[in-house]
Number of protein chains: 2
Amino acid sequence: MGSPYGLELVDNCVYCKLRTDSFFCGLPKESLDAFEKLKFTAAYPAGAVLFVEGQAPRGIYMLCKGRVKLSTTSADGKTLILKIVQPGEVLGLHATVSNTPYEITAETGQPCQLNFIKREDFLRFLQSHGDACLKAAQHLSRDCQSAYQQIRSLGLSHSAPERLARLLLEWSHGEGADEGGTRIKVALTHEEIAQIIGTSRETVTRTLADFRKKQIAVLKGSTLMIRNKPALERLVGA
Amino acid sequence: MGSPYGLELVDNCVYCKLRTDSFFCGLPKESLDAFEKLKFTAAYPAGAVLFVEGQAPRGIYMLCKGRVKLSTTSADGKTLILKIVQPGEVLGLHATVSNTPYEITAETGQPCQLNFIKREDFLRFLQSHGDACLKAAQHLSRDCQSAYQQIRSLGLSHSAPERLARLLLEWSHGEGADEGGTRIKVALTHEEIAQIIGTSRETVTRTLADFRKKQIAVLKGSTLMIRNKPALERLVGA
DNA sequence: TAGAAACTGTGACCCCGGTCACCCGGCGCT
DNA sequence: AGCGCCGGGTGACCGGGGTCACAGTTTCTA
């Protein structure tokens with residue numbers, strides 16, 4: 001196989017180190033072996049589209065390496081980003097489980113490795129492995145939660161600075177701070193940030209400039225530096 | 001038991017007519033009998049609060065009769081309604097499955113009958129009944145879908161008339177039309193409609209007045225009359 | 001390494017809709 | 001009857017932020 005798109009492939013789920021903290025975490029070896037037999041591993045370049053909203057579900061994708069962008073687009077071309085998916089998560093689960101069209105679009109943001117499992121295979125797998133089915137339910141409930149989060153953010157925090165502040169805080173979650181603040185890597189353009197919080201690119205630029213002026217946070221290149229977390233928390237009204 | 005709060009109680013799930021088209025639809029009798037043993041049936045008056053966001057999950061509620069309002073509230077008192085739940089649906093599933101706090105608040109909108117199942121009992125039930133677990137996953141995936149719907153509506157349709165139009169269309173789904181339009185019962189105040197589409201009460205009033213003037217739709221009392229569906233569809237840009 | 005393409009930064013304009021203020025009509029109370 | 005309360009209807013105001021336009025900068029690509 002080599003290293004397509006500059007990726008080192010992981011080729012066995014049983015020994016994958018993600019196993020400890022992700023979807024199949026804690027599954028008995030037996031279930032994992034069954035899973036292993038069904039999967040198709042593939043590598044994708046940056047910018048590849050895995051599925052598009054409206055398509056009939058083909059199956060699930062499990063992300064091993066890279067980042068995937070989940071988004072939805074309106075008839076007039078506006079795009080909203082729902083989530084940036086991290087390795088260990090599963091894509092297309094709801095559509096596959098309920099056999100309804102994918103309602104979101106998944107696009108790789110960088111070279112990625114994914115395992116694909118066909119719909120029928122996956123459903124059969126869930127039916128015969130109760131423990132995996134429970135995991136799937138848990139995964140779905142986490143998806144629901146993050147969706148509800150976003151609904152709160154879009155529906156209740158009407159001002160753009162507030163929503164941006166909320167996003168920055170979310171990113172800073174679980175990151176260590178040194179003197180001078182929290183340093184975070186974000187590989188997103190202003191445009192994409194705008195699409196996450198439902199505003200325009202210009203507003204993101206302006207608001208970030210404002211945050212910089214007020215010494216709250218500085219985004220330079222792909223490094224975000226949070227200098228005054230309490231100020232952010234005050235902005236979101238918590 | 002009699003008829004508390006003016007309700008005729010349904011007391012056996014096996015013979016409940018909801019069975020054909022809701023959560024436990026198609027479950028084998030055996031699973032249903034097991035379910036039957038775990039449930040606690042209770043009746044609630046209008047305005048009762050079943051659970052509040054932030055509480056640790058106690059278990060799931062399955063709605064037999066009545067309507068339940070799911071909402072979330074921000075620190076500064078603004079409320080957003082996520083969903084009006086119909087009989088046959090299950091409440092509190094994600095919190096219970098993933099053992100995280102309820103992230104929404106559930107309040108009865110009218111006298112209701114619900115079956116409650118304790119968290120541990122329910123989880124054990126799912127573990128031993130793979131078919132029910134799959135149903136639960138399907139239910140969760142439907143919740144996700146409706147959440148994504150709402151995200152689209154809040155994040156992509158920036159104008160209030162557009163969001164209102166989308167809501168009316170959603171309500172008219174699957175309702176029969178006679179000459180003169182589709183007639184729908186809605187037991188919501190303008191205030192509540194505003195909280196669903198994330199706008200202010202005044203804007204709802206004004207927009208409805210506008211729809212009336214343009215012969216698009218008329219809301220009088222609790223009866224909504226949709227006169228010009230294509231116009232609504234044009235408004236949402238479909 | 002030039003040129004293109006994508007991204008960032010900023011000013012000007014202006015419209016949507018949030019907010020406040022007030023009135024009206026219906027309904028339950030005492 | 002009189003009163004309070006809730007829901008609906010409407011005018012006036014004004015500020016946030018969407019949109020357009022363009023300049024400057026960084027990053028791909030040939």
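Letters A, B, ... are given to chains in the order of the sequence lines, protein chains preceding strands, and every chain is numbered from 1.
The phosphate of C/dG17 (OP1 or OP2) has no side-chain N or O of B/S200 nearer than 4.0 angstrom. Considering only side-chain N and O atoms, B/T199 lies under 4.0 angstrom from the phosphate OP1 or OP2 of C/dG18. The phosphate of C/dC16 (OP1 or OP2) has no side-chain N or O of B/S159 nearer than 4.0 angstrom.
Salt bridge status for A/R142 with A/E89: absent, with no side-chain N to carboxylate O gap under 4.0 Å. Using a 4.0 Å cut-off between charged side-chain N and carboxylate O, A/R152 and B/E103 make no salt bridge.
Across its full length, the helix from C/dT1-D/dA30 to C/dT30-D/dA1 shows an angle of 50° between the axes of its 5 terminal pairs at either end, rounded to 10 degrees.
With B/L114 as the partner, the side chain to side chain contact (heavy atoms under 4.5 Å, CB included) test is satisfied by one option alone out of B/I60, B/T41, B/V90, B/L91: B/L91.
As rounded to whole Å, 11 Å separates atom P of D/dG7 from atom CD of B/Q195. Across the protein-nucleic acid pair, A/L208 atom CG and C/dT8 atom P stand 9 Å apart, rounded to whole Å. Following rounding to the nearest Å, B/F211 (CZ) and D/dG9 (P) show an atom-to-atom distance of 14 Å. Distance CG (A/L164) to C1' (D/dG16): 15 Å, rounded to an integer number of Å. As rounded to whole Å, 14 Å separates atom C1' of D/dG16 from atom CD of A/E202.
B/Q150 contributes a side-chain N or O that, together with a main-chain N or O of B/I81, makes up a donor-acceptor pair within less than 3.5 Å.
Comparing D/dT10, C/dG18, C/dT10 by their closest approach to the side chain of B/R201 singles out D/dT10. For B/H190, the listed nucleotide lying nearest its side chain is D/dG9; candidates were D/dG9, C/dG18, C/dT8. Taking only side-chain atoms of B/A209, from C-beta outward, the nucleotide of C/dG9, D/dT10, D/dG17 with the closest atom is D/dT10. The side chain of A/R212 sits closest to C/dG9 out of D/dT19, C/dG9, D/dT10.
Going from atom NE2 of B/H94 over to atom CD of A/Q145 covers 7.5 Å, rounded to the nearest 0.5 Å.
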What pairs of donor and acceptor atoms, side-chain ones from residues 208-216 of chain B against any protein atom, are under 3.5 angstrom apart with sequence neighbours left out?
residue, atom, partner, partner atom, Å
B/D210, OD2, B/K214, NZ, 3.0
B/R212, NH2, B/L219, O, 3.1

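Interface remark: the A/R206 side chain does form a donor-acceptor pair with the C/dG11 base, using a distance-only criterion of under 3.5 Å.
Taking the six-membered ring where the residue is Trp, A/F40 and A/F116 present tilted rings, their angle falling between 30° and 60°.
Contacts of B/T205 with the nucleic acid, taken as non-hydrogen atoms under 4.0 Å apart, include base atoms.
The residue among B/P161 and A/L219 whose nearest nucleotide of DNA chain C lies closer to the 5′ end is A/L219.
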